[in-house]
Amino acid sequence: RETIIKMAQKANLHVQTHVFETTMPMGNSPVELCNVIVSAGPAGCSSGERLWLGAHFDTRPVSDRDPDSSLHALPLTGANDGASGVAVLMHLMEIMADHPPEIGVDFIFFDGEDSGVAGKPLTYCVGSQKLADTLGEFGNPLLADCCEGLILLDMIGDRDLFVPMEGYSLHYAPEFTQKVFQRALELGLSSFSMTPGPTVYDDHVPFLQQGIAAVDLIDFSFPHWHTTSDTPESCSAASLLQVGQLVSNLVYHRH
């Protein structure tokens with residue numbers, strides 16, 4: 001969280017935090033969570049629809065899917081599940097600080113995504129649920145009425161990256177999802193496929209439930225998911241590059 005905020009401040013981008021207290025489903029422990037929102041380009045929505053770019057910066061506190069049961073109590077490194085999406089967004093922040101987009105962009109760094117109880121999807125995505133549920137309320141920094149849509153980046157660093165059209169995105173935001181994947185096709189980005197993928201309960205779902213178009217760019221076939229092997233060695237800069245190329249093109253060439 002501190003790294004994200006310091007980078008945004010160094011780049012002279014507008015930073016807001018969305019802090020709240022909650023009890024985490026895993027362990028029933030009270031904690032303070034903090035979503036971070038960084039804005040680039042014009043403020044407000046007088047110049048058109050804003051675009052939201054999201055990723056979760058927390059990592060799972062246990063490696064409960066590791067093949068070695070003796071390692072289940074260890075926390076993840078989270079190089080792909082968490083850090084990959086954050087890395088792309090942080091670099092895009094640097095780019096947009098030097099080359100401000102014509103239409104406003106909000107980078108949303110979600111907290112509390114990955115501390116849910118296995119097998120109970122609704123116990124995940126605590127930070128995004130809070131942001132989505134309080135849209136328009138005092139203390140929520142997002143301008144929902146000005147949003148074209150949310151592009152969520154999650155687990156996009158896999159060496160064998162394959163990103164199909166996630167099921168909830170395709171069902172509840174078909175036009176927005178098709179637009180994003182059609183752009184990937186036009187750019188010749190081989191890691192993206194205009195084929196239906198599995199449904200994944202992720203940080204985009206609370207926003208879909210609020211009627212906001214959202215697409216989840218995720219490779220859920222990552223073999224090291226929720227294991228101690230989710231390390232930088234399991235990731236590829238080439239995968240991050242393809243995702244960054246797609247998102248930056250969508251920002252600077254909106255139509």
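Along the sequence shown, the residues carry numbers beginning at 1.
- By the 6.0 Å contact criterion, CD on E186 is enclosed, its count of non-hydrogen atoms from other residues, nucleotides or ligands being greater than 12.
- Residues meeting the side chain to side chain donor-acceptor pair (under 3.5 Å) test with E233, sequence neighbours left out: T231.
- If you take CZ on F162 and OG on S221, they are separated by 8.0 Å, rounding to the nearest 0.5 Å.
- Applying the ring pair (Phe, Tyr, Trp, His ring centres under 6.0 Å) rule to Y168 yields no partners; only residues at least two apart in sequence or on another chain are considered.
- Applying the side chain to side chain contact (heavy atoms under 4.5 Å, CB included) test to A11 and every residue at least two apart in sequence or in another chain returns L13, A97.
- Residues I4 and V36 meet the side-chain proximity criterion, which asks for heavy atoms closer than 4.5 Å.
- Residue pairs satisfying the ring pair (Phe, Tyr, Trp, His ring centres under 6.0 Å) criterion with at least one member in residues 111-155, sequence neighbours excluded, are absent.
- Within 6.0 Å of OH in Y172 there are 12 or fewer heavy atoms belonging to other residues, nucleotides or ligands.
- Residues S70 and D68 have side chains in contact (heavy-atom distance under 4.5 Å, counting atoms from C-beta outward).
- The minimum heavy-atom distance between G41 and P100, with the atom names listed, is CA-CB, 4.5 Å.
- Pairs engaging residues 211-243 under the ring pair (Phe, Tyr, Trp, His ring centres under 6.0 Å) rule: F220-W225, F222-H224 [sequence neighbours left out].
- Closest approach of E166 and I218 over heavy atoms only: CG-CG2, 4.3 Å.
- The environment of D98 atom CG is dense: over 12 non-hydrogen atoms of other residues, nucleotides or ligands sit within 6.0 angstrom.
- In this structure, the side chain of Y252 engages the main chain of H99 through a donor-acceptor pair within 3.5 Å.
- E148 has a carboxylate O that lies under 4.0 Å from a charged side-chain N of K179, or vice versa, which qualifies the two as a salt bridge.
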Run the side-chain hydrogen bond (donor to acceptor under 3.5 Å, both in side chains) check on D158 and S239 step by step: do they pass? CA-CA 7 Å; D158 191 342; S239 298; over 6 Å; no
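- Membership of an apolar cluster is not assigned to V117, as no side-chain contact below 4.5 Å to another ILVMFWY residue is traced.
- Atom CD of residue Q16 and atom NE2 of residue H18 lie 10.5 Å apart, to the nearest 0.5 angstrom.
- Here the CD-CD distance, from E2 to Q9, works out to 10.5 Å after rounding to the nearest 0.5 Å.
- Clustering of Ile, Leu, Val, Met, Phe, Trp and Tyr by side-chain heavy atoms under 4.5 Å joins L71 with L74.
- Between S190 and Q242, the shortest heavy-atom contact is N-OE1, 3.2 Å.
- When the side chain to side chain donor-acceptor pair (under 3.5 Å) test is applied to T228, the partners found at least two apart in sequence or on another chain are D66.
- By the side chain to side chain donor-acceptor pair (under 3.5 Å) test, N249 is found to be paired with R183, residues two or more places apart in sequence or in another chain being considered.
- You'll find the side chain of F181 reaches within 4.5 Å of the side chain of V215, heavy atoms only.
- Under the side chain to side chain donor-acceptor pair (under 3.5 Å) criterion, D160 pairs with no residue at all, not counting sequence neighbours.
- Looking only at side-chain heavy atoms (C-beta outward), L51 and V251 come within less than 4.5 Å of each other.
- With a 4.5 Å cut-off on side-chain heavy atoms, R65 and H72 do not count as touching.
- With a 4.5 Å cut-off between side-chain heavy atoms of Ile, Leu, Val, Met, Phe, Trp and Tyr, the cluster of V126 takes in F20, M24, V31, L33.
- When only modelled atom types and interatomic distance are considered, D106 and S39 share a side-chain donor-acceptor pair under 3.5 Å.
- D154 places none of its side-chain heavy atoms less than 4.5 Å from the side chain of D203.
- In this model, no donor atom of one side chain and acceptor atom of the other lie less than 3.5 Å apart for D216 and S169.
- If you take OG1 on T3 and CE on M90, they are separated by 6.0 Å, rounding to the nearest 0.5 Å.
- Remark: the backbone N or O of L76 is not paired with any side-chain donor or acceptor of R60 at under 3.5 angstrom.
- Atoms CG and CD, from L122 and Q129 in turn, are 6.5 Å apart once rounded to the nearest 0.5 Å.
- Residues V180 and L246 form a side-chain contact, since some pair of their non-hydrogen atoms from C-beta on lies under 4.5 Å apart.
- Across all their heavy atoms, G54 and L89 have their closest contact at C-CD1, 3.6 Å.
- Under the 4.5 Å side-chain heavy-atom criterion for Ile, Leu, Val, Met, Phe, Trp and Tyr, L161 and L241 are members of distinct hydrophobic clusters.
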Is there a side chain to side chain contact (heavy atoms under 4.5 Å, CB included) between T17 and N35? Walk through the geometry before answering. CA-CA 6 Å; T17 55; N35 298 308; over 6 Å; no
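- The heavy-atom pair separating G157 from N80 by the smallest distance is N-OD1, 2.7 Å.
- The OG atom of S248 sits 6.0 Å away from the CD1 atom of I95 when rounded to the nearest 0.5 Å.
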Trace of the side chain to side chain contact (heavy atoms under 4.5 Å, CB included) decision for D133 with Q209: CA-CA 9 Å; D133 290 346; Q209 292 172 326; 5.9 Å; no
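- Taking hydrophobic clusters as Ile, Leu, Val, Met, Phe, Trp and Tyr residues chained together by side-chain heavy-atom distances below 4.5 Å, L189 does not share a cluster with M155.
- Side-chain contact between V86 and F109 is present, with at least one heavy-atom pair separated by less than 4.5 Å.
- Hydrophobic clustering places I151 together with F57 (ILVMFWY residues linked when any side-chain heavy atoms are closer than 4.5 Å, directly or through intermediates).
- Between the side chain of R50 and the main chain of P42, a donor-acceptor pair closer than 3.5 Å is present.
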Start with the C-alpha gap between M93 and V38, add the side-chain angles, then the distance that decides, and say whether side chain to side chain contact (heavy atoms under 4.5 Å, CB included) holds. CA-CA 8 Å; M93 280 167 44; V38 179; 4.2 Å; yes
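- Connectivity analysis of hydrophobic side chains (ILVMFWY, heavy atoms under 4.5 Å, direct or indirect) links I212 to I37, W52, I108, F110, L131, L135, L142, L150, L152, F207.
- Counting all heavy atoms, side chain and backbone alike, V62 lies closest to A73 at CG1-O, 4.2 Å.
- For the pair D114 (side chain) and P61 (backbone), a donor-acceptor distance under 3.5 Å is absent.
- Atom CD of E32 has more than 12 neighbouring heavy atoms from other residues, nucleotides or ligands inside a 6.0 Å radius.
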Go through the steps for L187 and F192 under the test side chain to side chain contact (heavy atoms under 4.5 Å, CB included), then give the verdict. CA-CA 10 Å; L187 294 172; F192 295 86; over 6 Å; no
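- Between E49 and R254 there is no salt bridge, since none of the side-chain N atoms of the basic residue sits less than 4.0 Å from a carboxylate O of the acidic one.
- By the rule that hydrophobic residues join a cluster once side-chain heavy atoms approach within less than 4.5 Å of another member, V205 and I156 end up as members of separate clusters.
- One hydrophobic cluster, built from ILVMFWY side chains closer than 4.5 Å, holds both L53 and L240.
- No side-chain donor from either of H204 and D202 sits under 3.5 Å from a side-chain acceptor of the other.
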